[in-house]
Structures are given as structure tokens and as C-alpha cells.
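What follows is a set of notes on a single structure, which appears directly below.
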Amino acid sequence: MDLMLTEWTATTYAEFLTDLQTQAKPEAGQRVKKIVVTDYPVLGISMRELKIMGTEIAKGNPNEFLRLAGVEFYEVIIIRGYVLGQLKVDCQTFERYLASYLATADCWAICDMAIHFKQVKRYPDEFLQVIKTYLAKDNPWLQRTGLVFLLKFYLDVAHWQAAIQLGLAVRSPNYYVQMGQAWLLATAYRTHEDTVIQKLKAGTSLEVA
């Protein structure tokens with residue numbers, strides 16, 4: 001199927017879903033389910049293949065695809081993430097698409113697609129306010145996404161101190177949130193070793209309650 005379609009309709013989207021199912025690899029799907037705990041059906045298509053599909057869709061009419069794309073399979077959501085990461089839109093439009101995408105999140109892998117959302121680099125200060133709202137929520141998947149945004153895009157010279165402070169201020173018993181905090185610290189340690197050591201010596205705890 002040519003994913004660089006100029007028009008996405010209910011018919012072509014149905015064809016897309018059918019084509020995805022023909023590529024299903026049940027054994028690979030079982031392996032994915034052991035790593036990614038999700039309620040969505042898993043087809044077992046590799047991330048490499050999903051990225052290629054997302055890139056092709058983004059070269060066509062990604063807005064129409066995202067308007068139709070649902071949650072039929074875990075792989076559909078990941079493809080949506082790859083398409084979203086390549087949209088050339090303003091901050092407000094990106095936030096709208098992102099909210100729709102994150103409404104599907106039920107596992108760490110969907111959240112961690114945030115590392116591909118490079119639009120954030122165009123308006124870091126504006127989007128930092130969005131991240132703060134995610135971290136303040138009780139939803140662990142929004143908190144995890146906020147932490148991933150911080151470790152990927154906010155450990156630069158202008159924002160790293162705020163990123164560490166915001167990340168460690170989150171209080172959650174959720175394993176995946178705490179692992180997000182640990183990932184943030186591990187990433188920051190590469191360039192800000194002394195600060196990370198000081199934070200840990202000060203009693204920062206990431207143990208699951």
C-alpha cells in the first residue's frame with residue numbers, strides 16, 4: 001500500500017488496517033507483550049518498520065491520517081507517534097495533536113515516543129509550561145511523558161537546572177514514573193555529574209513505595 005497518499009478516507013484507512021494485520025508476527029507480538037504491558041492488541045511489527053510507515057505517511061497528508069487514526073492496535077498508536085514527530089506546525093496545533101495522542105497512553109512505550117517530538121526545540125520556554133502541567137497531574141503516563149521531554153530536550157545550558165528540579169519534585173509511587181526520574185538523572189549525570197551527586201546525597205529517593 002502506498003502510504004504517501006494525497007488523501008486519507010475511511011476506505012483507505014480500512015485498507016491500511018488490513019495491510020497492517022497481514023504483517024502481523026504473532027511470536028514477536030508475544031515478546032512485545034512481555035516488555036510493553038498494554039491493553040491494546042499487539043501485532044508484533046518491529047519499531048523499525050513502524051518508523052518507516054510513519055515517515056512515509058508524514059510525506060503525504062499526515063493531518064488527514066491523524067484525523068482518522070484510532071487505537072485499533074498498539075502499532076497504530078506508535079505510527080501516530082512517528083507521524084506526529086514529523087509535523088511542521090505551530091505550538092498550539094502541536095499541543096492539540098499531542099493531547100489526542102497522549103489520551104491513548106496506557107504504557108511506557110507510548111509515552112517514550114516523546115523523544116521523537118522534536119517540535120519542542122522550536123519553542124522550549126513555551127512548551128515547558130505544558131510539561132509542568134503534565135508533571136502536576138495524577139496521571140502517571142502524563143508524568144512519565146513530561147519526564148521524557150525534560151531528559152530529551154531540556155538538559156541544555158539554559159534549562160538543565162530547571163529540568164532536574166522539576167523532575168525530582170514529582171512524587172509518585174508509580175514504577176514507570178520513578179524510572180523516568182532515574183532516566184532523567186542518569187542522562188543529566190553525563191554532563192552535570194556534581195549536581196546529580198549532590199541531589200542524591202541530599203536524600204533524593206526513587207525507591208518504589
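Values below: every heavy atom of this structure, side chains too, minus hydrogens, waters and symmetry copies. For the single chain, residues carry numbers from 1 onward in sequence order.
A distance-only check finds a donor-acceptor pair linking the side chain of Q178 to the backbone of S172 [under 3.5 Å]. Judged by distance alone, the side chain of W183 and the main-chain N or O of L147 form no donor-acceptor pair under 3.5 Å. In this structure a side-chain-to-backbone donor-acceptor pair under 3.5 Å is present from Q181 to G167. The backbone N or O of G44 lies less than 3.5 Å from a partner atom in the side chain of E75, making a donor-acceptor pair. Looking at R171, its side chain does come within 3.5 Å of a backbone N or O of L168 through a donor-acceptor pair. A donor-acceptor pair is defined here as one N or O able to donate and one able to accept, closer than 3.5 Å; such a pair exists between the side chain of E64 and the backbone of W8. Side-chain atoms of D39 do not come within 3.5 Å of backbone N or O of D106 as any donor-acceptor pair. Side chain of Y154 to backbone of P124: a donor-acceptor contact under 3.5 angstrom is found. In terms of modelled atom types and a separation under 3.5 Å, the side chain of T93 and the main chain of V89 share no donor-acceptor contact. Side-chain atoms of R144 come within 3.5 Å of backbone atoms of Y176 as a donor-acceptor pair (strictly under, hydrogens ignored).
Around CG of D138, the count of heavy atoms belonging to other residues, nucleotides or ligands within 6.0 Å does not exceed 12. Residue Q92 qualifies as enclosed at atom CD: its count of foreign heavy atoms under 6.0 Å is above 12. The number of heavy atoms from other shown groups lying within 6.0 Å of NZ (K33) is above 12. When the shell of 6.0 Å around NZ of K25 is examined, it contains more than 12 heavy atoms from other residues, nucleotides or ligands. The environment of Q165 atom CD is sparse: at most 12 non-hydrogen atoms of other residues, nucleotides or ligands sit within 6.0 angstrom.
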Inset, instruction - Start with the C-alpha distance between Y101 and F117, add both sets of side-chain angles, then the distance that settles ring pair (Phe, Tyr, Trp, His ring centres under 6.0 Å), and finish with yes or no. - result: CA-CA 12 Å; Y101 173 77; F117 300 158; 5.7 Å; yes
Inset, instruction - Check the pair R122, D90 against salt bridge (Lys or Arg N to Asp or Glu O under 4.0 Å), reporting the backbone distance first and the verdict last. - result: CA-CA 9 Å; R122 302 175 194 162; D90 59 37; over 6 Å; no
Inset, instruction - Before giving the answer on side-chain hydrogen bond (donor to acceptor under 3.5 Å, both in side chains), spell out for D194 and Q198 the whole-Å C-alpha distance, their side-chain angles and the decisive distance to 0.1 Å. - result: CA-CA 6 Å; D194 291 343; Q198 289 172 9; 5.9 Å; no
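The CG atom of L184 sits 5.5 Å away from the CG atom of L151 when rounded to the nearest 0.5 Å. Here K132 contributes atom NZ and K137 contributes atom NZ; the two are 15.0 Å apart, rounded to the nearest 0.5 Å. Residue L155 holds its CG atom at 6.0 Å from NE2 of H192, rounded to the nearest 0.5 Å. Between the NE2 atom in H159 and the CD atom in Q161 there is a gap of 11.5 Å [rounded to 0.5 Å]. Interatomic distance, T187 OG1 to L185 CG, rounded to the nearest 0.5 Å: 8.5 Å.
Residues F149 and F127 place their aromatic rings such that the two centres sit under 6.0 Å apart.
Using modelled atom types, one finds a donor on one side chain and an acceptor on the other under 3.5 Å when comparing E49 with S46. Side-chain polar atoms of T55 and Q86 form a donor-acceptor pair below 3.5 angstrom. Side-chain contact annotation: Y97 with Q119, donor-acceptor N/O pair under 3.5 Å absent. Side-chain N/O atoms of N139 and Q143 include no donor and acceptor closer than 3.5 Å.
Considering only heavy atoms from C-beta on, I110 comes within 4.5 Å of T104 through its side chain. In this structure, I57 and I79 have side chains that are in contact, with non-hydrogen atoms separated by less than 4.5 Å. The closest side-chain heavy-atom distance from I77 to M113 is not below 4.5 Å. At least one side-chain heavy atom of K121 sits less than 4.5 Å from a side-chain heavy atom of K118. At least one side-chain heavy atom of E56 sits under 4.5 Å from a side-chain heavy atom of I52. Annotation: side chain of C107 is not in contact with side chain of Y40 (no heavy-atom distance under 4.5 Å). The closest side-chain heavy-atom distance from P41 to Y74 is not below 4.5 Å. Residues L128 and L166 are in side-chain contact: their nearest non-hydrogen atoms beyond the backbone lie under 4.5 Å apart.
Here the shortest heavy-atom pairing between T38 and V42 reads CG2-CG2, 3.8 Å. The nearest pair of heavy atoms linking P62 to V83 is CB-CG1, 3.5 Å.
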